[in-house]
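These notes are about the structure you will find just below.
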There are 2 protein chains.
Amino acid sequence: MSTMRDVARLAQVSTATVSRVINSPDSVRGKTRKKVLRAMKMCNYKYNALARGFATKKSNTIGLIIPNINNPVFAESTLGVQEYADEKQIKVILGNTSYKVSQEESLIKALRESQVDGLIITTTNPKGEIIKTLITEKIPFVLLFSTVKGGPVSVVGVDNYRGGYIATEHLISLGHNRIGMIAGSFSVTDRSYHRWHGYRQCLKDHGIPYNKNLLVQTGYSLSGGRDSIKQLLNQELSPSAVFCSNDYIALGAIKGAREAGLSLPEDLSIVGFDDMPTASYMVPALTTIRQPAYDMGKRACELLLQKMENPGKPEQHMMETKLVVRESTAAPQEVKTDKSENYWTSSDPRTNYIL
Amino acid sequence: MSTMRDVARLAQVSTATVSRVINSPDSVRGKTRKKVLRAMKMCNYKYNALARGFATKKSNTIGLIIPNINNPVFAESTLGVQEYADEKQIKVILGNTSYKVSQEESLIKALRESQVDGLIITTTNPKGEIIKTLITEKIPFVLLFSTVKGGPVSVVGVDNYRGGYIATEHLISLGHNRIGMIAGSFSVTDRSYHRWHGYRQCLKDHGIPYNKNLLVQTGYSLSGGRDSIKQLLNQELSPSAVFCSNDYIALGAIKGAREAGLSLPEDLSIVGFDDMPTASYMVPALTTIRQPAYDMGKRACELLLQKMENPGKPEQHMMETKLVVRESTAAPQEVKTDKSENYWTSSDPRTNYIL
DNA sequence: CCTCTTTATGTAAACGTTTACATTTTTTAG
DNA sequence: CTAAAAAATGTAAACGTTTACATAAAGAGG
């Protein structure tokens, strides 16, 4: 491999000039520029960005940390940051934590050693030491899908509380009053915790008593949703509607419900959260709370790059969340408006399925 | 930020010794090692992997190029390479081509400039110049999901021809004889081209005449599948079964078919290709040709690292493909063969659902 | 206690750029 | 045509490691 020195020698100029034709071509006379360009061709010169990074202390690389690339919503946000980064000639190193804090930690360490210029983190550990360290050491970073609203960190997120609230409200407006929730484990991430808060508050605001048996926490996986719905359905008073704290879980839940013999949305309404790309392709098409994952990724990247140039104040970008009604929700079969009637004594033949 | 020199000064040793306690601790006496370690703590030393990469000409980074991270099968394979790389302390830079050759080209260029130690490419351009260049310039790389079977390149793939064949054979064995195919555009990738070949040969081997109107090529997207199925269904003699060249397209096709008023699998059988993680969660659960995407990613990474150490001969790893029968395929309603019996007169209670 | 071997440490160049500063060349204008 | 200003180019140090080689220290055997 030839270096700048080789090119310089061949073109009979200094390495500085070669560097200049690469980085600021206008600052060198047309004649010499051509000479250099020709020499570069001749010795098949390949630019070494790593050496540049070393010299300038900028790697033009950022790290992107997500819990699980298999969750379509993270794939979508990843695409957002990627495409923006690409536009700006920034490379992105991807890391998967599998929702493990230790993994998140070691990834951040490795990425910092690699001298990434910044970090975009969909964290599993929002209050953790890790983040604090990043702050005190002044590493540019932004938290994606973050729940933190104030504070000294840059963030792009969504109001999860509100999302949970409007999801629940939708269900209530349809006439449901036994509304369950399948949440990703609160100990793993606090996104679903906030969504649960919204859910709970909405119930309260509508005079529906909260029943803790109607909440189940599970892993952020397809099978998590599938197992959990069965657990919910096995209760004596099973829910007529369930809010799942993400679409991926909802997909599992729908599968589980069908396996239990229910047909949706007649026997059970499901609302998800995310609006992943396939949500409208599901059967039934999923009613969900949309968060603009692609744009969020893009925004996060934009914010980060800007922050890298010019640290400035931390910025919080809270994106709009909105209810997308599709086919997975409907009015419950028997609306129990007045308290006199007992839901479970209903003679609906479908109750057979609930076992 | 403190450097090795700072540490060395503080510990009153040479930088070489500091380097040694990091890279081969056993080669330095316990006493000095401790001294150095203490000094590292004291000045909060952070290792600079970029400088190391510069000095050693190894970045400990590989590039992973895929067409579209949103396709779950690529996400899954990405996870495979990631986790293996992680184990070996290798960072992976991810690039999306959106199935554009030009993008693939520029990504490869950028990654090479960044001095990645190797490349894993799910290419959109299998015979292209790009690959040839990589060979002549001796860049370690492996092609993932590649169709090339022989030749001078390392590869992990699957026999796409055979996959297409067994998918079609399944449909034929069910009694179908008007079998369509929705293929990803042949000009974009040749994976679906090979699958189509298998499909076509299978038809031929079973005495079913090939009808070119039953093939539609489309984009590798959900909407591609959805639009294409409608096109197929609008024909005078529409197919009773369709082979989709991947699950992502199949998901779109199922949606389209439902929108056209069909119920699956009674009115139309669909078989996909990939077995993406959500395939068994779809409704109907997708019958498909499984390729072990995670393992393929892992294998590709393993192969690459090994190749990086020791170039050696190119290796071809062809993984097993297998038919996974689920719910999206069934016998056609009226069997077109001359056999006297008509399927749809069967008293199978399931037909109740077909409305 | 001395020599020989082994083990631990130090020295200094190298990796391929960038860049502040110095120097040369070109341009401008009188 | 010349001096001053402006533009182009050159010089050389710096970035933070690694590593071949040289040197010094420690251990072994007599």
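The chains referred to below are lettered A, B, ... by the order of the sequence lines, with proteins before strands, and numbering in each begins at 1. Predicted model only: the values in this text are computed from it and were never measured.
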- Task: Pick base, sugar-phosphate or nothing for B:Gln12, based on heavy-atom distances below 4.0 Å to the nucleic acid.
- Result: sugar-phosphate
- Let me know the distance between NZ of B:Lys35 and P of C:dA8, rounded to the nearest Å. 14 Å
- Message: Whole angstroms only, please: what is the CD-P distance between B:Glu113 and C:dG16?
- Response: 15 Å
- Message: Taking side-chain contact (heavy atoms from CB on, under 4.5 Å) as the criterion, tell me which of A:Ile139, A:Leu119, A:Val116 meets it with A:Ile108.
- Response: A:Leu119
- Query: Quick one: do the B:Asn44 and B:Lys46 side chains pair a donor with an acceptor below 3.5 Å?
  - Reply: yes
- Message: Please report the distance, rounded to the nearest Å, between CE in A:Met4 and C1' in C:dC15.
- Response: 14 Å
- Please determine which of A:Leu94, A:Val92, A:Ile93 meets the side-chain contact (heavy atoms from CB on, under 4.5 Å) test together with B:Ile93. A:Ile93
- Parallel, tilted or perpendicular, as decided by the 30° and 60° cut-offs, for the rings of A:Phe145 and A:Phe74: perpendicular
- Note on the structure: Whole-Å distance, B:Gln115 CD to D:dT17 P, equals 19 Å
- Query: Out of curiosity, B:Thr122 OG1 to B:Leu144 CG, how far, rounded to the nearest 0.5 Å?
  - Reply: 4.0 Å
- Rounded to whole Å, the CZ-P distance (A:Arg9 to D:dG10) equals 14 Å
- Task: Could you list the residues that satisfy side-chain hydrogen bond (donor to acceptor under 3.5 Å, both in side chains) with A:Thr3, not counting sequence neighbours?
- Result: none
- For DNA chain C, find the residues of residues 15-32 of chain A with a heavy-atom distance under 4.0 Å and give them by number; none if there aren't any. A:Thr15, A:Ala16, A:Ser19, A:Asn23
- Item | Residues within residues 38-58 of chain B bordering DNA chain C, heavy-atom distance below 4.0 Å | B:Phe54, B:Ala55, B:Lys57
- Might you work through the side chain to side chain contact (heavy atoms under 4.5 Å, CB included) test for B:Cys301 and B:Ile62, ending with a clear yes or no? CA-CA 9 Å; B:Cys301 193; B:Ile62 64 175; 4.0 Å; yes
- B:Asp6 with B:Arg9: basic N within carboxylate O range, under 4.0 Å: yes
- Query: Do the side-chain N or O atoms of A:Thr3 get closer than 4.0 angstrom to the phosphate oxygens (OP1, OP2) of C:dG16?
  - Reply: no
- Message: Strictly below 4.0 Å, N to O, side chains only: are A:Glu113 and A:Lys109 in salt-bridge contact?
- Response: yes
- Query: Rounding to a whole Å, what distance do you find between A:Arg5:CZ and D:dA12:P?
  - Reply: 13 Å
